[in-house]
Asks: 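Submitted below is the structure of interest, expressed as structure tokens.
Atoms within each ligand, like the ligands themselves, are counted from 1 in listed order. In this text the structure is predicted, and so the values were computed from the model without any measurement.
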Amino acid sequence: MTTALLTHADCLGHVTPDGHPERVARLEHILHALEALELKRVTAPMAADDDLLRIHPESYVRDIRAAHPADGFAQIDGDTFLSPGSVDAAYRAAGAVVRAVDLVLSGEASNAFCAIRPPGHHAETETAMGFCLFGNAALAAKHALDHHGLKHVAVVDFDVHHGNGTQDLLWDEARALVITSQQMPLWPGSGRPEETGVYDTVLNIPLAPGSGGAEMRAAYETKAFPRLRAFRPELIIISAGFDAHQDDPLANLNWATDDFAWITAELCRIADEVCDGRIVSTLEGGYDLNALAQATRAHVEELIKAAR
Ligand SMILES: [Zn+2]
């Protein structure tokens, strides 16, 4: 069995202003780092509007389409921009996770990684923010639940920032467990342990600035993994952000590349126990190009090992 890699050249067509951390070179570095790996390479389709309507209202999708500029940039908030290629990129990103869920649930792939941008975990029901337009990870969850009829799915978000969008989109979804760890305090400011969702299916794990891999591993072993095993998801979706890396310029956690391998291997082990190894992982943040490439490669190598 294989690990699928889903991506599309359109995701390189989402351009941001000079100096913006969420830039085209991120994906270029990742694709280069994954070049030599044995992967089932899949061209990401565009999401259908019906897919997006599982998580966003029609008016929001229409507004995003209308906001895209003919040239230059359109600015949505302090740090979220659209270029002429951004809407296509966002539709490919959303389409990638939908197709990845289809591949893994049909058994055509054991697990999958979506090398996409723009990222998704900050996009709320009606608010694009934090470089994110559509809620990719939440869409993967809803697609698995509503289209494939799964009864339980889990999202694990180890990006250094709070997955506020995923939390918002799945806040009242009893069939989805959302586990998100984040540096706190840090933008966007949400993600306190008291935020638990309508059905107590949201688990927020704050991590102290300056803390490293040992603290992260202890938090996941004592809080995240027991909840994940008890929920018995039929699919695990990973919001794979690599900005908790010690070299990342946007935050102050000190994870090493090996910590990303560790958390991936542990999630693969739990997936083996509870759901035949089914994992769909999607790229979120990570802004030091070399650290991002190395950590992503370590993440995907663990997915490949687990798929054997
Ligand atoms: Zn982040």
Asks: Do the side chain of Thr282 and the main chain of Ala137 share a donor and acceptor less than 3.5 angstrom apart?
Replies: no
Asks: With distance as the sole test, does Thr80 use its side chain to make a donor-acceptor pair with the main-chain N or O of Phe131 at under 3.5 Å?
Replies: yes
Asks: Does any pair with a residue in residues 107-116 pass side chain to side chain donor-acceptor pair (under 3.5 Å), and if so which ones, sequence neighbours excluded?
Replies: Thr3-Asn111, Ser106-Glu108
Asks: Could you check which N/O/S atom of Asp243 is closest to the Zn ion (ligand 1)?
Replies: OD2
Asks: Identify, with sequence neighbours excluded, every residue that meets side chain to side chain contact (heavy atoms under 4.5 Å, CB included) alongside Ala112.
Replies: Ala4, Leu6, Ala100, Val104
Asks: Restricting to N, O or S atoms, which atom of His161 is closest to the Zn ion (ligand 1)?
Replies: ND1
Asks: Which single N/O/S atom of Asp159 lies at minimum distance from the Zn ion (ligand 1)?
Replies: OD1
